[in-house]
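Residue numbers start from 1 in every chain, and the chains themselves are labelled A, B, ... in the order their sequence lines are given, proteins ahead of strands.
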Amino acid sequence: EAAVTQSPRSKVAVTGGKVTLSCHQTNNHDYMYWYRQDTGHGLRLIHYSYVADSTEKGDIPDGYKASRPSQENFSLILELASLSQTAVYFCASSDKGAQNTLYFGAGTRLSVL
Amino acid sequence: GQQVQQSPASLVLQEGENAELQCNFSSTATRLQWFYQHPGGRLVSLFYNPSGTKHTGRLTSTTVTNERRSSLHISSSQTTDSGTYFCAIDANNYAQGLTFGLGTRVSVFP
């Protein structure tokens, strides 16, 4: 079973502050993703990466930056947190194979006040 | 872009009842997955099923690719089946991950 670990599990941030969410995977997966989930909604892709030192924009990248310093680590950065960024954030990883199953971390619940 | 529509939005079952969840998508998907989200939030993959029928335990997934639809059948539901079920498809960009539907929330009562 793939292991994807997110930290912190929950965080309260102030509006305008900087927030960094971390994700670590131990399965040598090339692809990593950040999704956000709002109450009553599905998951929406923020940023993704298919190789270390490179990130790509997903469907809703505004207000977020991403960093992939190594194959194992993928961070999501909110430089100026806003109320609208209150959500649960999920990191996922997947292998390069044809059956590109996504393995998710447990999620980070972020509240911006 | 890709659209994924799931129905119904919510479902209430009495333990032992069967249920069928539907997923319709806007274009041919080369990857289709069903996920289950625990009430506590953790997401787990149930099926990778871009075409055909797959079974695991009391769950059956059937995808008809040329009709752009997939279904998830739950037989003899149990209270532990309660949670939200998501259908997700690829975004025509192999690296870009999956596009998710809004989910079907299932509640099973004893």
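Contacts of A:Leu43 with chain B are made by both backbone and side-chain atoms, with heavy-atom separations under 4.5 Å. For a residue to count as touching a neighbouring chain, one of its non-hydrogen atoms must lie under 4.5 Å from one of that chain's; by this rule B:Gln6 does not touch chain A.
Checked by atom type and distance alone, the side chain of A:Tyr35 pairs as donor or acceptor with a backbone atom of B:Leu98 at under 3.5 Å. For the pair A:Thr55 (side chain) and A:Ser49 (backbone), a donor-acceptor distance under 3.5 Å is absent. Between the A:Gln25 side chain and the A:Asn27 main chain, a donor and an acceptor come within less than 3.5 Å of each other.
Ring geometry, B:Phe35 versus B:Phe100: the interplanar angle falls from 30° to 60°, so the pair is classed tilted.
Scanning residues 80-89 of chain A against chain B with a 4.5 Å non-hydrogen threshold yields no residues.
Every residue two or more places apart in sequence or in another chain was checked for a salt bridge (charged side-chain N to carboxylate O under 4.0 Å, His left out) with A:Asp59, and none qualifies.
The closest side-chain heavy-atom distance from B:Cys87 to B:Leu32 is below 4.5 Å.
Among A:Arg44, A:Arg109, A:Gln37, A:Glu56, the residue making the largest number of heavy-atom pairs under 4.5 Å with chain B is A:Gln37.
Screening B:Lys54, B:His55, B:Glu20 for a side chain to side chain donor-acceptor pair (under 3.5 Å) with B:Thr60, the sole residue that qualifies is B:His55.
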